[in-house]
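Order of the sequence lines fixes the chain letters, A, B, ..., with proteins taken first and strands second; residue numbering starts at 1 for each chain.
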There are 2 protein chains.
Amino acid sequence: MSPPSRRPSMADVAARAGVSYQTVSRVLNQPGIVRPETRDRVLAAIAETGYTPNRAARALKTTRSSQIGLLTDGSSLFGPSETVTAIETAAREAGYSVLLTTVGSGVADPAAEPSPGSSLIGSGVDGILVVAAHEGMQPVVAAAASTIPVLAVSAQSPASSDAAVVGVDQRLGARSVVEHLARTGVRSIAHLAGPSDWFDARARLDGFVEGLEGQGLDGVATAPGDWTPRSGYELTRELLASGPPQALFAANDMMAIGALHALHEQGLRVPEDIAVVGFDDTDCAAYLTPSLTTVSQPFAELGRLALHRLLQLLEHPEEPGPPPAALAPRLVARGSTRPEHGTA
Amino acid sequence: MSPPSRRPSMADVAARAGVSYQTVSRVLNQPGIVRPETRDRVLAAIAETGYTPNRAARALKTTRSSQIGLLTDGSSLFGPSETVTAIETAAREAGYSVLLTTVGSGVADPAAEPSPGSSLIGSGVDGILVVAAHEGMQPVVAAAASTIPVLAVSAQSPASSDAAVVGVDQRLGARSVVEHLARTGVRSIAHLAGPSDWFDARARLDGFVEGLEGQGLDGVATAPGDWTPRSGYELTRELLASGPPQALFAANDMMAIGALHALHEQGLRVPEDIAVVGFDDTDCAAYLTPSLTTVSQPFAELGRLALHRLLQLLEHPEEPGPPPAALAPRLVARGSTRPEHGTA
DNA sequence: CACTCGGATGATAACGTTCACATCGAGGCG
DNA sequence: CGCCTCGATGTGAACGTTATCATCCGAGTG
């Protein structure tokens, strides 16, 4: 009596089109193999019944879910956000769905009960993409990597190379910041470090140190912050207590905003008295006062690349897989640093 | 020869524990009904084999996937980001996974081919949560709502009430901004409007107008912006060409940042010459110069509430479902507005 | 002491799909 | 003209789980 109480299945479509359910399956999966007239009849029946394939049944039979897991940090960071969007879009185009899982970067014991990662593994995703890699994700990555492909979107491989890696070259970005500052005449730089359990933060710190050595500059790195404006503000205040450097390089734009605030409080002018550089090129960087010199990262491209590499890992497991890839960041000079000298 | 070539199934566990696979199923789903000794034996076998339930098979049999769809805007906005995280966490605690789908707010034709929403529906989620509701999601919501429960996390019901609604009271927030400004002595306010196809933006505009009427103030709203600092900057420049108002109320913090930049360029002091208010209480709002008066929204609570309401809709379909809920936002007065007068 | 009752467990079927194989007609070639 | 091949479609089985019913055993009861 209630006709559409159940979702239409292949059998319903087949009955309507006067073929067997196997033919319906063929129309969906290998359209070329079925006679055009038959195919049209089946397609019409599909449209009439409003049939959509049952993904659970398909996953059960094929042992592939067409879903990938996305392991990301719980905080609303700019970079991860952009990357996630790009990944999801690319995944959808490739016929995959994205299962989102967040894992706090807090100091929660690594072996927490309803582990965020174990639920991902258990949910039957075909592969996992780790977006904002930090130490807290280690156990999850290690556990998953033995079962399914895992690709980290990060500066460097999480510890051992449990996972393949695609990322933006953070060291290069940090070095280019130091070089830019050197060309503006700065001789001493302080780095407001990011959280030390984040791989990207470590790589930026490394690049900072390399840059100092390469340019022969003085420099110091603060204790690790936590990406927030508040930590940038507080680290800057501590730093100023012992005499200001000529430039401040914050691990990201948010910390740079906090730094700008602290500098303004102390009556220091940017960039006349002290230069400030951020990292990420957040939407608002260009509209701060002064506008913020920062490092722009190709997050969208990164997301697409990461997804396609993961799919390659999934669909051609035999091939060794491409080597780690690193995209190039780009320094964007704005008002918070002084203009570069004509020639070095 | 290759023992673990296949994921262990219930049958493997059952063989190891010396019971039938049905007993394994019972241990997992109704532990109380099975004899303690048997249960322990099965649990041990599960641990030894590393068994995890096959969700596809379970979904196929029960016709419930334990996955919910999350339809959100593709842009990296602050509010949605926080809400999404809260939803995911709450969902995981309740045993659900979250399938993320983004839909651009661009003017893409509403009937685009590989519609973002149709893929969600087809993927067999049990319900859908719409996070940053705008017109572009209408067709998706309408299509899905006839099949499965849909809950909008938004200011007001998308057009017809295809979906239940949970949200933060945006009108109240906007009214409280006007009232706050009035108490600081402001008599005329301009509103930098958000995109008109976003329900939250419309509600803020409505609240602004209501507030003006309630306080007997003068006011004007600009053409719609797009949430970005750039649009805030440009709208403010246009506005200043025809004489500055006494206060600027931006539809969100990012647009307020753009506005601050434009005001600074014109040599106007904030808040002495003109007051500025944002919306959202972004992390960086407190660390701008001057620090930004804005409206704080309980995004985390919103996410949790939305998820629990959706689950109620899923698990008790017979009940009529709770009425639309609106959480209260909170005005946070900072340096970009002048102090309130002692008494009205 | 037979009979019933309830707790604990096993056997069978079904969910909707894809894979492997069987079937069937049409055409080519000896 | 019969056999073989090939393209197009149908039939049976299986993926791993849960729902339903059947079975078994011991304990209670008249």
Side-chain angles (χ1 to χ4, degrees), chain A residues 4-43 45-46 49-67 95 97 121-126 147, chain B residues 4-43 45-46 49-67 95 97 121-126 147:
Chain A
S5 66
R6 187 177 46 88
R7 245 176 75 183
S9 77
M10 277 192 174
D12 300 318
V13 176
R16 191 174 193 107
V19 296
S20 79
Y21 54 84
Q22 176 58 13
T23 302
V24 178
S25 173
R26 272 191 272 261
V27 168
L28 261 45
N29 298 321
Q30 331 170 38
I33 208 181
V34 59
R35 194 152 49 110
E37 319 159 26
T38 315
R39 185 180 7 166
D40 292 344
R41 205 143 33 93
V42 170
L43 289 175
I46 288 179
T49 54
Y51 166 80
T52 51
N54 183 321
R55 293 181 66 144
R58 177 177 304 191
L60 175 59
K61 183 59 185 163
T62 60
T63 70
R64 307 199 45 221
S65 64
S66 292
Q67 298 186 335
S97 297
I121 303 165
S123 61
V125 295
D126 295 337
T147 314
Chain B
S5 66
R6 188 176 46 88
R7 244 176 76 184
S9 77
M10 275 192 176
D12 302 315
V13 175
R16 190 173 194 106
V19 297
S20 79
Y21 55 83
Q22 176 57 17
T23 302
V24 179
S25 172
R26 271 191 273 260
V27 168
L28 262 45
N29 298 321
Q30 334 171 37
I33 208 180
V34 58
R35 195 153 48 110
E37 320 160 24
T38 315
R39 186 183 3 167
D40 292 344
R41 204 144 32 92
V42 170
L43 288 175
I46 288 178
T49 54
Y51 165 81
T52 51
N54 183 319
R55 292 180 65 144
R58 178 176 301 189
L60 175 59
K61 185 58 184 164
T62 61
T63 70
R64 308 202 43 221
S65 64
S66 292
Q67 296 185 335
S97 297
I121 304 166
S123 62
V125 295
D126 295 337
T147 313

Q: Hey, could you give me the CG/OG1 distance between B:Leu60 and B:Thr62, rounded to the nearest 0.5 Å?
A: 8.5 Å

Q: I'd like to check the salt bridge (Lys or Arg N to Asp or Glu O under 4.0 Å) partners of B:Arg16; sequence neighbours left out, ordered by chain and number.
A: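 Residues passing salt bridge (Lys or Arg N to Asp or Glu O under 4.0 Å) with B:Arg16: B:Glu48.
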
Q: Test of understanding: with side-chain hydrogen bond (donor to acceptor under 3.5 Å, both in side chains), list the residues that count as partners of A:Arg58, not counting sequence neighbours.
A: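 Result, side-chain hydrogen bond (donor to acceptor under 3.5 Å, both in side chains) vs A:Arg58: none returned.
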
Q: Under the side-chain contact (heavy atoms from CB on, under 4.5 Å) rule, collect the residues that match up with A:Arg39, sequence neighbours excluded.
A: A:Val27, A:Pro31, A:Val34, A:Pro36, A:Leu43

Q: Once side-chain contact (heavy atoms from CB on, under 4.5 Å) is applied, do any residues pair with A:Asp12, and if so which ones, sequence neighbours excluded?
A: A:Arg6, A:Pro8, A:Ser9

Q: Taking five pairs at each end, how big is the angle between the two axes of the helix from C:dC1-D:dG30 to C:dG30-D:dC1, to 10°?
A: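 Inter-axis angle at the ends, rounded: 60°.
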
Q: Write down the atom of B:Pro53, the atom of B:Leu28, and the distance for their closest heavy-atom approach.
A: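 So the two residues come closest at CG-CD2, 4.1 Å.
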
Q: Looking at A:Met10 and A:Tyr21, what are the two nearest heavy atoms and their distance?
A: SD-O, 3.9 Å

Q: State which residues pass side-chain contact (heavy atoms from CB on, under 4.5 Å) with B:Arg35; sequence neighbours excluded, sorted by chain then number.
A: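 Result, side-chain contact (heavy atoms from CB on, under 4.5 Å) vs B:Arg35: B:Glu37, B:Thr38.
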
Q: Between protein and nucleotides 9-18 of chain C, map the contacts as a letter string: B base, S sugar-phosphate only, - none, heavy atoms under 4.0 Å, written 5' to 3'.
A: BBBBBBBBBB

Q: Within a strict 4.5 Å, meaning less than it, do heavy atoms of the A:Arg55 and A:Ser97 side chains meet?
A: yes

Q: What is the first contacted nucleotide of DNA chain D and what is the last, in 5' to 3' order, if contact means an atom lying under 4.0 angstrom from a heavy atom of chain A?
A: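 Using the under 4.0 Å cut-off, the span is D:dA8 to D:dG16.
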
Q: Under the rule for side-chain hydrogen bond (donor to acceptor under 3.5 Å, both in side chains), what residues qualify as partners of B:Arg26, not counting sequence neighbours?
A: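 Applying side-chain hydrogen bond (donor to acceptor under 3.5 Å, both in side chains) to B:Arg26 gives none.
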
